[in-house]
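The structure appears right after this line, and notes come after that.
Every value quoted in this text rests on a predicted model; they were computed, and no experiment measured them. Any value given below was found using the heavy atoms of this structure, including those in side chains, with hydrogens, waters and symmetry copies removed. We count ligands from 1, going down the list as the structure has it; atoms in each ligand are counted the same way.
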Amino acid sequence: MDKITQAIRTQINQTGEKEHSNPLFMTSSFCYDNAEEMRAVFADEKEGNIYSRFINPNTQELQEKMAILEGTESAYAVASGMAAMFATFMALLKQGDTLVSCNAIFGSTHTVLTKYLPKYGINQHYVPVDATEAEWEAAIDENTKMLFLETPTNPALDILDLEMVGRIAKKYHLLFVVDNCFATPLIQQPQKFGADLIIHSGTKWLDGQGRVLGGIICGKKELIHEIYLFSRSSGPALSPFNAWILSKSLETLDVRMERHASNALYLAEKLAHHEKIEWLKYPQLLSHPQYAIAKKQMKNGGGLFAFNLKGGLEAGRQFLNNLKMLSLTANLGDTRSIASHPASTTHAKLTDEERMKVNITPGLIRISVGLEHRDDILADILQALENV
Ligand SMILES: *Cc1c(COP(=O)(O)O)cnc(C)c1O
């Protein structure tokens, strides 16, 4: 059976009401018939729910679906993408370990790697987005335990070669961890290239409607178990309500991503040669600097594209102000199209030089393409470009 069918049909056990859509298990704990049953569940001798900080039926269902879609043995869901990231680092790294990461990563991930992990004696070496195999290898030292990257990168949409980094991880026996938030498992499955753990912010395309926060780690059973043990004691539990929302959302992920991607490709092709635009990056356009890698590892180009306005910082601000329909908001991966200007918002605290290191030019605009009619999105962008 196709994995999309499997994920859609995956459901936790029906209750006595024989409901078709899964109910919400809004409960913090679960009951036992007698002391012996309770003892056995606590002792891990018998399967059963204990407490929603550990696991909840709604969370369980979401995890099963995500493991099917990513093609991994197991998955564990937590309260946000960042909780997933932090639990992964804390559960699997220890004092003295180092990790090698691409420097173009989500802002809060960068903060965790540079501000918090070093407090526990865990340090990182950064490599640039276009690092060669030799440059990745040169960053590895005898204490390195993990290679980390996200692809496509946020917000500049560069593509890293999963096959190449997977090969290095194998050669040096390192954990290979991928933030797969921008692609989703419907477009890219990093485990095919040797990733041991795949991290998602459920908040973005997985929910896809801008409603709830959530995070999920998919991977090998024994690694996920370590992350589960850390999380059940430290408490980044996902709300059953959010799990219920996210699980239902996964049933439409495939059709949503197809449309997000076809809308994005249409817009990218229409806008690529616009007179106000210096360059436009979309993984499925031949002009993308890593087009060949994108072709190899992504089913389509995804729902995001980025372009650089010739007018720089001021043009970026003006473009946002000119938009009439697209939302100005920090999120991405919504049914409604969103525009962002990283240099004046999410990355405003960095210096020009720091921004350039991760390919954030002053006029960079990132568009998260929604499900509105593609010509309405195009019309809004075109009219906003007129006076920049
Ligand atoms: C949003 C995001 C995260 C963090 O997820 P939250 O759910 O907001 O905690 C991590 N990585 C990427 C690439 C993201 O876009």
Legend entry - Transitive ILVMFWY side-chain link I377 to I338, under 4.5 Å: no
Legend entry - ILVMFWY network linking I12 to M66, side-chain heavy atoms under 4.5 angstrom: no
Inset, instruction - If a pair satisfies salt bridge (charged side-chain N to carboxylate O under 4.0 Å, His left out) and one of its residues is in residues 179-208, list it, with sequence neighbours excluded. - result: D196-K220, D207-R211
Inset, instruction - Only pairs at least two apart or in different chains count here, so list each salt bridge (charged side-chain N to carboxylate O under 4.0 Å, His left out) that has a residue in residues 284-309. - result: D161-K296, E163-K296, D254-K299, E258-K299
Inset, instruction - Using a strict cut-off of under 4.0 Å between a residue heavy atom and any atom of ligand 1, list the qualifying protein residues by chain and number. - result: S80, G81, M82, M85, F106, E150, D179, C181, F182, S201, T203, K204, G214
Which donor-acceptor pairs under 3.5 Å do side chains of residues 93-103 form with protein atoms, sequence neighbours excluded?
unit_1: K94; atom_1: NZ; unit_2: D97; atom_2: OD1; d: 3.4
unit_1: D97; atom_1: OD1; unit_2: K145; atom_2: NZ; d: 2.8
unit_1: D97; atom_1: OD2; unit_2: K94; atom_2: N; d: 2.8
unit_1: T98; atom_1: OG1; unit_2: D141; atom_2: OD1; d: 3.1
unit_1: T98; atom_1: OG1; unit_2: T144; atom_2: N; d: 3.3
unit_1: T98; atom_1: OG1; unit_2: T144; atom_2: OG1; d: 3.0

Legend entry - Aromatic ring proximity, centroids under 6.0 angstrom, F148 and F89: yes
